[in-house]
Visitor: 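Have a look at the structure that comes next, please.
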Amino acid sequence: MIKIITVCGNGIGSSNLLAMKINQIAKKNGFEVDAKSSDFNAALGEEPDLFVTVDEFAKQFPANKKVAVVRSYADKKKISEDILPVLEELSKG
């Protein structure tokens, strides 16, 4: 199972929507993921397999964290295009 934390400013709206979309996309494409939302500061203390956020927040993560950038918190097509290659890479180990 791939553990994912989605990140936005407050960890409530946008990142929660993104986590739901990622869970749906992953299930549809045969990936086992557990995506949960968080605000940026709380996320820094976590150790998931992957952080997923928009470019604005991705630039703020330390270099040693695995971060995937999505172009939208809500557009399922864009999220799919951005996240599926990363899930494929992570699933191969």
Side-chain angles (χ1 to χ4, degrees):
M1 173 144 331
I2 300 169
K3 293 185 181 181
I4 298 173
I5 295 182
T6 58
V7 181
C8 71
N10 294 321
I12 300 168
S14 301
S15 61
N16 193 36
L17 180 61
L18 180 58
M20 288 189 302
K21 300 272 186 191
I22 289 174
N23 281 321
Q24 292 168 357
I25 291 164
K27 184 176 181 179
K28 180 181 176 187
N29 289 278
F31 294 102
E32 287 189 44
V33 305
D34 179 20
K36 297 182 179 173
S37 64
S38 177
D39 66 89
F40 181 78
N41 288 329
L44 289 175
E46 300 288 334
E47 292 294 332
D49 299 308
L50 179 67
F51 291 98
V52 181
T53 190
V54 292
D55 193 50
E56 169 189 355
F57 291 108
K59 293 175 183 174
Q60 299 177 45
F61 275 95
N64 65 333
K65 303 286 187 183
K66 176 78 172 157
V67 181
V69 176
V70 291
R71 293 170 286 163
S72 171
Y73 283 115
D75 186 316
K76 202 169 188 177
K77 183 176 186 288
K78 287 182 181 177
I79 296 166
S80 292
E81 291 169 358
D82 296 336
I83 201 68
L84 286 174
V86 180
L87 294 179
E88 184 70 37
E89 177 188 324
L90 286 173
S91 69
K92 291 180 180 174

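Along the sequence shown, the residues carry numbers beginning at 1.
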Visitor: Let me check something: any side-chain donor-acceptor pairs from residues 27-37 under 3.5 Å, sequence neighbours excluded? List them with distances.
Guide:
| unit_1 | atom_1 | unit_2 | atom_2 | d |
| --- | --- | --- | --- | --- |
| Asn29 | ND2 | Ile25 | O | 2.8 |

Visitor: I'd like to check the salt bridge (Lys or Arg N to Asp or Glu O under 4.0 Å) partners of Lys66; sequence neighbours left out, ordered by chain and number.
Guide: Glu89
Visitor: To check you understand the geometry: which heavy-atom pair defines the closest contact between Ser72 and Leu18, and what is its length?
Guide: O-CD1, 4.1 Å
Visitor: State which residues pass side-chain contact (heavy atoms from CB on, under 4.5 Å) with Asn41; sequence neighbours excluded, sorted by chain then number.
Guide: Asp39
Visitor: Looking at side-chain heavy atoms only, is the closest gap between Phe61 and Leu44 below 4.5 Å?
Guide: yes
Visitor: Which pair of non-hydrogen atoms, one from Leu50 and one from Ile83, has the smallest distance, and what is that distance?
Guide: CD2-CD1, 4.0 Å
Visitor: Among all residues two or more places apart in sequence or in another chain, which pass the salt bridge (Lys or Arg N to Asp or Glu O under 4.0 Å) test with Glu46?
Guide: none
Visitor: Looking at residues at least two apart in the chain, or sitting in another chain, which of them share a side-chain hydrogen bond (donor to acceptor under 3.5 Å, both in side chains) with Gln24?
Guide: Lys76
Visitor: Go through the structure and list residues passing side-chain hydrogen bond (donor to acceptor under 3.5 Å, both in side chains) with Asp55, not counting sequence neighbours.
Guide: Lys59
Visitor: Quick check: do Ile4 and Leu87 have side-chain heavy atoms less than 4.5 Å from each other?
Guide: yes
Visitor: Under 4.5 Å between side-chain heavy atoms, chaining through other members, with only Ile, Leu, Val, Met, Phe, Trp and Tyr counted: pull out the rest of the cluster around Leu17, sorted by chain and number.
Guide: Met20
Visitor: Which residues pass the salt bridge (Lys or Arg N to Asp or Glu O under 4.0 Å) test with Glu81, not counting sequence neighbours?
Guide: Arg71, Lys77
Visitor: For Lys3, enumerate each residue passing the side-chain hydrogen bond (donor to acceptor under 3.5 Å, both in side chains) test, keeping only those at least two apart in sequence or located in another chain.
Guide: none
Visitor: Scan the side chains in residues 7-16 for donor-acceptor partners under 3.5 Å anywhere in the protein, sequence neighbours excluded, and list what turns up.
Guide:
none

Visitor: Under the ring pair (Phe, Tyr, Trp, His ring centres under 6.0 Å) rule, what pairs show up with a residue in residues 64-86, not counting sequence neighbours?
Guide: none
